[in-house]
S.K.: 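I'd like to ask some things about the structure below.
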Amino acid sequence: MAASSAKRRHKVRRRADMSLLGGIRPPIAVLSALLLSLAGITALGFGRAGEESVPKAVMTSQQRFAEDGAVAMRASIDESAADLARTAGLFNAGDPAQPDAVVDKIGSVYQKWVGTAVVEISSGRMLAARGENVPVAAIDTAKLSEKDGLSPRMVRLANGETRLLSLQVLSWKGQPQQLLIASSSLRFPGISLGKFRSIAVIDSTGRILSSDGIPESEQVLTEDQRTGVDRSKKQLSAFAKVAAKRAEEHPLKANDPGEGGYLGVSGSLRGDSSQGDRAIAGYAALTGPEPGKGTVATSLGLTVVAMVDVAEDPTRVTDPLFGLLAAGALLLIGALAVGVLLGTVQRPLLRLFLESRRLTRDDLTRPVSVPRFGEAARIGQALERLRRQLLGERADAEGAGAPKSGRRRGRIGARALLAVSGILLLVWSAPMLLLLNRADATAVVPEQITNDQRERTDTLSDRVRRSLNEGHADLVSVAGLLGERTSPEDMTKVLDRTRSDHSRYRSLYVRTGDGKIIAQSGESPRLSEDKKSENKDGHPFADPITVLNDSGTEPVIASYAELPGRDDSTVIGEFRIDFINSLLKRPGLGEIRVIDAERRVLGGNTGYLAFEKLPSARLTELAAGTSQKTGISARAGGIVYRDGGGVQVAGAAPFVGGGAAKSLDWMVVSWQPAAGLAIPEYSLQNRTVLAGLLGITAAAACLGWLHIIVVRPLREVAKQAEALADGDRRTVLYPRHHDEVGAISRSLELLRQQVLEQRKRDGAGATAPAAVRAPAGRN
């Protein structure tokens, strides 16, 4: 018997210990810990929002600028190699050509090479040359047949400049093989530097192969300017050494998680400060357009470094006092909220737990201490009535100490108390989330951000223009090889090969002057056969590049080149709009659109409708203002807008330069919200919003946890306790969890059993005297 009692007590004690793992204590404890942690984060984190003298947005912008340079450099090198290979292939497919004719043809179609030459491979004799002297001596013709023997190579000239040599073999039956060499400088094509910026391309050792933006010492006038030039050169060399070392890292290790947008190694560097200006640089290693896919350019191991001087702002955007005040307010409000939970929910529940255990141990001498609020008050009243019933009072008896259920219930329930705590925490979180530190009215967008938006948009505009010019040059090259004796079948082969070498075309075809198509490759032509010539010379449309439609789901952009020797016959190429859109996918510029002279959208990097207008009147005004010529040509523009929708940084750049695309009068427009930039004011706003979100999340999580684990079961136990006190002896009470509420439920079940046993004893005592009197009556 004693062993059984000890086992029962051990079981009760074990269950009591289990309640410490769940129940009401953990949610309140976790809420207290979270609020303390959030207060510490608030106190320490807000003072760091404006500590940087150069905002992170400016640093990131230089990284993006270097990435643009790397993309342009890679595209230029790969395009040059592909053009030379395709041109050599077209020459090899035709009749033998004279070396002078080869170099003349290349020079008339492409102006990208500073020098070209044709060399006889067997003897090494120079057969033809145009432009700058090509360093033929640097090429070992005996090793051309080896693996990668025709790969491009860099050669350093005596004057210190570097040349990139591209090689292809010209081969005709019955003639000695010839080597076609094209020499190009490692200059950046179409990179808009703006003011005070320099850019360089370096090799894997950190040696500067070419640079732009820093004048030579003899080009400046004053001693201060010479000192500045020397400082810039030294700083660029220092950046080059660091960038070359970092370029050897793996892209996933070099780039910050979440940066995205560039497949290779890229980053930003902080240099020395001089007279309030700090040198900032971005670097980017040349990488392929697809993950894991190398190109001719990527095999050279080149890295682009872009440097600019940025004025430092020594002032702090925010005072740490705000963080301290916010943390103090959170501690005060959090202590009040936790105090409400402790005083009105946890302590009454724990007191009920102890009172219920006391009644199960037959300690009925003292009245039950009834809490004042909610479900705990209802359960306490029920326990007091059960105590009186165990002392002999009937279940339906009424007295001053035993009111019926419903006579004295707590008007304020546990859910209301949780709501009070939630409202207290919301008093701190809601202003942080919605009101405090709003940056739209006070944000100072660094001038360098606006400049970079303008210059990067200008670079992108030039890239689109050059791509269209390259496409037209391809058509001119193809047209020059389609002579009057070329059959339609051979034309089709040339068109198929051209379209497979270049992904920019959706369709290539040869069209006669009367509109008949005699050769075709790719999709069906969009230019109808009955369309009359718009050019006075009989060409299919007025300009070398044009848009064939003015409505529909996508614009049809086409270019033509006249076939020599065939009356009014032309080769026409229709560009894929996806190819143009792919040129616009540059991170850090926001939304980008290509618009025509009538301000209609032709392409973009995000979702758009063809031929729609720009999304706002301000962007239209910016485009109209930028298209106005200042001097010889129009110039790119950048601006910061402030309106009801927030702060926006926008840039616009028209097509400026020669080539077939000059007549298009197109423009590239870009814009992005300043809220997405790492500007100190927005960083402060983001941290404030984050603090408010964390406060709301902590309150919702812990109070929701408390409601699900404690309050809901407590309400159910209150109903069961009142029913039991009102006389329901049949319903068995089962605990949901091994916690305080579960312990009260188990105690109520034990009390129910005790009441049943008492009723049985009372019933047996009432029937025993009658059984004794029956025999006496028979006597």
Side-chain angles (χ1 to χ4, degrees), residues 44-67 193-200 213-215 220 222-243 246 256 259 266-284 305-323 437 439 441-456 588 638-640 642 647 649 651 672 674-687:
L44 297 176
F46 280 93
R48 299 178 179 272
E51 287 184 353
E52 297 290 343
S53 59
V54 177
K56 184 180 178 182
V58 176
M59 303 288 292
T60 303
S61 183
Q62 306 321 304
Q63 175 182 347
R64 300 302 183 205
F65 197 98
E67 292 172 358
L193 296 180
K195 297 180 179 179
F196 314 116
R197 189 192 303 273
S198 58
I199 193 169
I214 301 178
V220 296
T222 65
E223 187 65 29
D224 290 341
Q225 291 176 335
R226 294 188 185 92
T227 302
V229 167
D230 294 338
R231 169 185 169 271
S232 297
K233 289 182 178 180
K234 292 179 180 178
Q235 185 64 76
L236 185 60
S237 298
F239 280 143
K241 297 295 183 183
V242 178
R246 294 192 179 182
D256 294 334
E259 287 288 334
S266 64
S268 57
L269 301 171
R270 185 186 298 266
D272 298 331
S273 178
S274 175
Q275 298 180 352
D277 293 339
R278 183 172 293 276
I280 303 297
Y283 63 91
V305 179
M307 182 184 73
V308 66
D309 286 335
V310 178
E312 291 186 292
D313 184 5
T315 62
R316 298 170 64 93
V317 173
T318 183
D319 196 307
L321 182 61
F322 174 80
N437 292 332
T442 61
V444 178
V445 179
E447 183 181 1
Q448 190 63 45
I449 296 295
T450 308
N451 294 340
D452 291 345
Q453 186 82 15
R454 179 188 65 242
E455 304 305 336
R456 293 188 63 199
I639 196 170
V640 177
R642 295 180 186 271
V647 183
V649 184
Q672 62 177 323
L677 303 174
I679 297 174
E681 289 86 354
Y682 284 106
S683 298
L684 178 62
Q685 173 180 306
N686 294 337
R687 296 188 185 193

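As the structure is a prediction and not an experimental result, all values here were calculated from the model.
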S.K.: With a 4.5 Å heavy-atom cut-off, do Gln448 and Ser61 have their side chains touching?
M.R.: no

S.K.: Hey, does Arg246 have a side-chain heavy atom less than 4.5 Å from the side chain of Leu269?
M.R.: yes

S.K.: Would you compute the distance between atom CZ of Arg270 and atom CZ of Phe239 and round it to the nearest 0.5 angstrom?
M.R.: 10.0 Å

S.K.: Test of understanding: with salt bridge (Lys or Arg N to Asp or Glu O under 4.0 Å), list the residues that count as partners of Lys234, not counting sequence neighbours.
M.R.: none

S.K.: Just so I know, are the side chains of Arg197 and Asp452 near enough to count as touching, which here means a heavy-atom distance under 4.5 Å?
M.R.: yes

S.K.: Do you know which two heavy atoms are closest between Gln235 and Ala279, and how far apart they sit?
M.R.: CG-CB, 3.6 Å

S.K.: Run the side-chain contact (heavy atoms from CB on, under 4.5 Å) test against Asp277 and tell me which residues pass, sequence neighbours left out.
M.R.: Asp309, Ala311

S.K.: With a 6.0 Å cut-off (strictly less than), is the heavy-atom count around CD of Glu447, excluding the residue itself, greater than 12?
M.R.: no

S.K.: So Thr450 and Gln453, do their side chains get closer than 4.5 Å, heavy atoms only?
M.R.: no

S.K.: Name all residues meeting the side-chain contact (heavy atoms from CB on, under 4.5 Å) criterion together with Thr227; count only those two or more places apart in sequence or in a different chain, and write none if there are none.
M.R.: Glu223

S.K.: Taking the side chain as every heavy atom from C-beta outward, state whether Arg278 and Asp272 have any atom pair closer than 4.5 Å.
M.R.: no

S.K.: Arg456: which residues meet the salt bridge (Lys or Arg N to Asp or Glu O under 4.0 Å) condition with it, sequence neighbours left out?
M.R.: Asp68

S.K.: For a 4.5 angstrom cut-off between non-hydrogen side-chain atoms, does Val229 reach Ile214?
M.R.: yes

S.K.: Would you give the length of the straight line joining atom CD1 of Ile280 to atom CD of Glu312, rounded to the nearest 0.5 angstrom?
M.R.: 7.5 Å

S.K.: Closer than 3.5 angstrom, by distance alone: can the side chain of Gln63 be matched with the main-chain N or O of Met59 as a donor-acceptor pair?
M.R.: no

S.K.: Under the rule for side-chain contact (heavy atoms from CB on, under 4.5 Å), what residues qualify as partners of Ala200, not counting sequence neighbours?
M.R.: Ile208, Ser211, Leu236

S.K.: For Ala66, check side-chain contact (heavy atoms from CB on, under 4.5 Å) against everything at least two apart and list the hits.
M.R.: Ala284, Ala306

S.K.: Could you tell me if the side chain of Leu677 sits less than 4.5 Å from the side chain of Gln672, heavy atoms only?
M.R.: yes

S.K.: Do Leu193 and Phe65 touch side chain to side chain, with heavy atoms closer than 4.5 Å?
M.R.: yes

S.K.: On a heavy-atom basis, which atom in Asn437 and which in Gln685 lie closest, and how many Å separate them?
M.R.: O-CB, 3.3 Å

S.K.: To check you understand the geometry: which heavy-atom pair defines the closest contact between Ala281 and Val305, and what is its length?
M.R.: CB-CG1, 4.4 Å

S.K.: For side chain to side chain contact (heavy atoms under 4.5 Å, CB included), just list the numbers for Val445 and Ile679, CA-CA rounded to whole Å, side-chain angles, deciding distance to a tenth of an Å, and then say yes or no.
M.R.: CA-CA 7 Å; Val445 179; Ile679 297 174; 4.1 Å; yes

S.K.: Are Asn451 and Arg454 close enough, and set up right, to give a side chain to side chain contact (heavy atoms under 4.5 Å, CB included), and what steps lead you there?
M.R.: CA-CA 5 Å; Asn451 294 340; Arg454 179 188 65 242; 3.3 Å; yes

